[in-house]
Amino acid sequence: MRTTTKSLTALLSAGIVVAALAGCSQSGTGDSSQSGAGSSSAPSSASASATPTPALMTAVGGKTTAITLDAGFVKALTTLKLTPGVIGSATLSKEGVLTFPITGGNVTYYDPSTGVRPYVQGELDHDGSGLSLTAGDKKVELKDFVIDPGNDSHVSGDVYLNGKSVVKGANLFRLDGSTLNPVTMEGDAYILEGTTVYVSEDAAALLNKTFGTDAVTGDLKVGIAKLTVTGK
């Protein structure tokens, strides 16, 4: 099913797909029957006979995910003597803003009255970019991020150590969309700003093991995300 940009505009303006684009489910929620946000996994339905037709299925055109790094995160890197860097098309400004181009993705939306849960599904892809952390002769690369707006909203990605693959599709960051601001527009793009990004428990364990520390925790705040998104 293909929808027009006009259809996507109407739904975005109504705030319907904000959860899907910015990981809006509150951290720790866990009850998918009460949350609009959902994962990219196959939908379930209140009816066992057939899944209702989505109200919207559309591809995401692109633009960027930017994270303004939290002062506490920068201090933690300094304490651990970790030097941050960027991979591929990512950038890191002097002001401490990490930016990753959105390379694709999709949004599927079901009318909540159909009983389909989660009723907002999809993902945002960031192929060819990432973040590196270096200490001494060890360099960890986190790249090819995928934002999944499930009830446990998170960012996954591939992990490399000194150029060798460690794990694919690891849960790297968790998202708290309870801090999200109302959607705004910038030209033909929609701006979703305010989601808080934290290091995941999995990523914390991996970094601690790699760099021989116990200082990285799952409550380490990375920063505040700003998504600039267009539809195809």
Side-chain angles (χ1 to χ4, degrees), residues 20-23 27 38-42 59-67 69-70 73-74 76-93 96-106 121-176 195-223 225 227 229:
L21 297 180
S27 178
S39 71
S40 56
S41 59
V60 173
K63 292 219 175 172
T64 60
T65 295
I67 302 172
L69 298 179
D70 185 76
F73 180 71
V74 175
L77 294 183
T78 301
T79 300
L80 295 170
K81 298 181 180 180
L82 295 177
T83 302
V86 292
I87 300 167
S89 52
T91 61
L92 175 59
S93 72
V97 179
L98 272 170
T99 302
F100 308 99
I102 295 172
T103 57
N106 63 84
Q121 304 164 27
E123 67 177 50
L124 291 177
D125 303 323
H126 304 74
D127 296 337
S129 66
L131 168 69
S132 66
L133 297 171
T134 304
D137 60 354
K138 294 181 179 179
K139 181 177 182 180
V140 171
E141 295 177 308
L142 313 173
K143 58 186 181 181
D144 297 333
F145 298 135
V146 177
I147 296 178
D148 185 330
N151 296 314
D152 59 342
S153 301
H154 68 279
V155 178
S156 62
D158 300 336
V159 181
Y160 293 81
L161 175 59
N162 292 341
K164 296 182 178 181
S165 177
V166 174
V167 61
K168 298 284 188 180
N171 185 341
L172 299 176
F173 306 102
R174 61 182 178 90
L175 305 173
D176 179 4
T195 295
T196 306
V197 182
Y198 296 90
V199 173
S200 74
E201 294 288 350
D202 291 347
L206 185 149
L207 292 172
N208 283 333
K209 181 178 180 180
T210 301
F211 294 111
T213 180
D214 59 2
V216 185
T217 65
D219 60 358
L220 179 60
K221 179 180 176 181
V222 178
L227 280 76
V229 182

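This structure is a prediction, so every number in the text was calculated from the model and none was measured. We count residues from 1, following the sequence as given.
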Next on the checklist: Any heavy-atom pair between the side chains of V155 and V197 that's under 4.5 Å?
Outcome noted: no
Checklist entry - How many angstroms lie between CD1 in I87 and NZ in K143, if you round to the nearest 0.5 Å? => result 5.5 Å
Checklist entry - Can you tell me how far CG of L207 sits from CG of L172, rounded to the nearest 0.5 angstrom? => result 8.5 Å
Checklist entry - For D144, what residues pass the salt bridge (charged side-chain N to carboxylate O under 4.0 Å, His left out) criterion, not counting sequence neighbours? => result none
Checklist outcome for this item: Correct closest heavy-atom pair for F211 and L133 would be CZ-O, 3.6 Å
Next on the checklist: Does I147 form a side chain to side chain contact (heavy atoms under 4.5 Å, CB included) with L227? I'd like the steps, not just the answer.
Outcome noted: CA-CA 11 Å; I147 296 178; L227 280 76; 4.2 Å; yes
Checklist entry - Considering all heavy atoms of both residues, which atom of A76 and which atom of L220 are nearest to each other, and what is their separation? => result CB-CD1, 4.2 Å
Checklist entry - Does any non-hydrogen side-chain atom of H126 lie less than 4.5 Å from one of I102? => result yes
Next on the checklist: To the nearest 0.5 Å, what is the distance between CG on L80 and OG1 on T213?
Outcome noted: 5.0 Å
Item to check | Pairwise side-chain contact, T217 with V199, heavy-atom cut-off 4.5 Å (strictly under) | outcome: no
Checklist entry - Roughly how far, to the nearest 0.5 Å, is the CG atom of D125 from the CG atom of D148? => result 10.5 Å
Checklist entry - Which value, rounded to the nearest 0.5 Å, describes the distance between S153 atom OG and R174 atom CZ? => result 11.0 Å
Checklist entry - Under 3.5 Å, is there a donor-acceptor pair between the side chain of N162 and the main chain of K139? => result yes
Checklist entry - Closest heavy-atom contact between K221 and F73? => result O-CB, 3.2 Å
Checklist entry - Are any non-hydrogen side-chain atoms of D158 and K168 less than 4.5 angstrom apart? => result yes
Checklist entry - Is the backbone N or O of V222 less than 3.5 Å from a side-chain atom of D70, with the two atoms forming a donor-acceptor pair by type? => result no
Checklist entry - Is there side-chain contact between V86 and T91, with at least one heavy-atom pair below 4.5 Å? => result no
Checklist outcome for this item: Here the pair of heavy atoms bringing G169 nearest to S156 is O-CB, 4.0 Å
Next on the checklist: L92 vs L131, test: side chain to side chain contact (heavy atoms under 4.5 Å, CB included). Steps then yes/no.
Outcome noted: CA-CA 9 Å; L92 175 59; L131 168 69; over 6 Å; no
Next on the checklist: Testing the 3.5 Å rule here: is there a donor-acceptor pair between the side chains of D202 and S200?
Outcome noted: no
Checklist entry - Which atom pair, heavy atoms only, marks the closest approach of F100 to A90? => result CD2-CB, 3.6 Å
Item to check | Shortest non-hydrogen contact from F145 toward L142 | outcome: CZ-O, 3.4 Å
